[in-house]
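Structure, as structure tokens:
Side chains included, hydrogens not; waters and symmetry mates left out as well; all remaining heavy atoms used. Here is the naming used below: chain letters follow the sequence lines, and residue numbers restart at 1 for every chain.
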Amino acid sequence: LAKTTQPISMDSYEGQEVNITCSHNNIATNDYITWYQQFPSQGPRFIIQGYKTKVTNEVASLFIPADRKSSTLSLPRVSLSDTAVYYCLVDNTGGFKTIFGAGTRLFVKA
Amino acid sequence: DAGVIQSPRHEVTEMGQEVTLRCKPISGHNSLFWYRQTMMRGLELLIYFNNNVPIDDSGMPEDRFSAKMPNASFSTLKIQPSEPRDSAVYFCASKNQIRNEKLFFGSGTQLSVL
């Protein structure tokens with residue numbers, strides 16, 4: 001299983017764009033990159049998933065360089081309600097184990 | 001669909017008592033996961049099932065912990081006897097492994113062992 005490394009915490013202000021980078025140097029060919037968001041007292045919920053280049057949905061964008069050894073979750077114009085823990089995961093399409101790291105605690109200030 | 005349903009939402013018990021946590025996965029999902037979350041250790045994978053069969057229970061901390069999935073719509077996580085260090089939030093999650101869909105989590109069970 002590819003190990004991931006991401007910052008422990010980040011602070012931002014409302015209206016700013018936030019970029020959280022995750023390193024996964026040992027990513028395998030079949031691995032996808034998935035990001036989850038967890039609010040206090042709730043279970044994690046899926047945000048976005050990608051394999052290469054760029055993926056965008058209504059919540060975020062995910063940028064993956066050609067070597068796929070890192071990825072960047074981009075949250076446009078954050079609000080106070082985006083304060084949460086963000087997890088980067090790497091697992092393959094046929095694998096069962098879904099392991100969460102420590103995540104990045106994002107705190108959005110007014 | 002109602003999502004992943006866990007019960008109870010909160011459980012307070014005394015050391016030495018048996019605790020049973022319950023989970024109903026999303027209909028059609030063939031993989032089920034039990035996680036435990038604490039401030040110190042984060043979100044730990046305890047065990048996961050595929051098609052009702054336990055695949056990997058290496059995350060189960062001790063023999064006091066056991067999990068079953070008697071059918072596709074129900075799973076239990078049992079702690080017997082419980083200890084104060086078992087206090088945590090326990091999450092159940094499910095997904096469709098065949099299509100490698102995302103994980104869907106329940107609301108969790110907040111367990112306090114006094």
Side-chain angles (χ1 to χ4, degrees), chain A residues 1-9 20 22 27-52 55-60 62 71 73 84-107, chain B residues 3-7 9-10 21 23-26 29-60 69 88-112:
Chain A
L1 296 170
K3 178 180 166 62
T4 61
T5 302
Q6 50 185 125
I8 293 174
S9 64
I20 305 174
C22 178
I27 190 168
T29 303
N30 292 334
D31 286 342
Y32 277 70
I33 301 152
T34 310
W35 286 79
Y36 287 82
Q37 173 191 56
Q38 184 179 24
F39 297 116
S41 303
Q42 295 184 26
R45 68 168 189 167
F46 172 89
I47 300 178
I48 197 166
Q49 182 182 73
Y51 183 81
K52 60 181 179 180
V55 179
T56 297
N57 61 23
E58 65 279 4
V59 176
L62 179 60
S71 59
L73 175 73
V85 179
Y86 293 82
Y87 298 95
C88 164
L89 282 76
V90 173
D91 59 10
N92 66 63
T93 56
F96 292 109
K97 256 184 169 174
T98 302
I99 305 292
F100 285 77
T104 297
R105 191 171 298 274
L106 173 65
F107 186 67
Chain B
V4 177
I5 299 173
Q6 290 188 246
S7 65
R9 190 78 170 89
H10 302 276
L21 312 181
C23 175
K24 182 182 187 320
I26 292 174
H29 283 186
N30 62 342
S31 292
L32 182 139
F33 303 73
W34 281 100
Y35 291 87
R36 176 174 70 174
Q37 187 169 40
T38 61
M39 287 295 293
M40 291 296 294
R41 301 176 69 88
L43 198 57
E44 302 174 275
L45 176 62
L46 301 178
I47 184 171
Y48 59 93
F49 296 82
N50 191 57
N51 294 325
N52 312 336
V53 176
I55 302 299
D56 188 334
D57 64 354
S58 60
M60 297 284 262
M69 192 164 186
V89 180
Y90 291 80
F91 289 104
C92 175
S94 70
K95 73 174 182 178
N96 188 324
Q97 184 63 35
I98 296 173
R99 300 206 305 259
N100 192 37
E101 288 187 348
K102 56 201 177 194
L103 265 178
F104 290 83
F105 280 78
S107 299
T109 295
Q110 173 76 59
L111 173 65
S112 297

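Between B/Leu43 and A/Pro44 the shortest side-chain heavy-atom distance falls below 4.5 Å. Residues B/Lys102 and A/Tyr36 are in side-chain contact: their nearest non-hydrogen atoms beyond the backbone lie under 4.5 Å apart. Side-chain contact between B/Gln37 and A/Gln38 is present, with heavy atoms from C-beta onward closer than 4.5 Å. Inter-residue side-chain proximity for A/Phe46 and B/Leu103 is flagged as unmet; no heavy-atom pair is nearer than 4.5 Å.
Within the 6.0 Å centre-distance limit, the rings of A/Phe100 and B/Tyr35 are counted as a close aromatic pair.
B/Phe91 pairs by the ring-ring contact (aromatic ring centres under 6.0 Å, His included) definition with nothing, not counting sequence neighbours.
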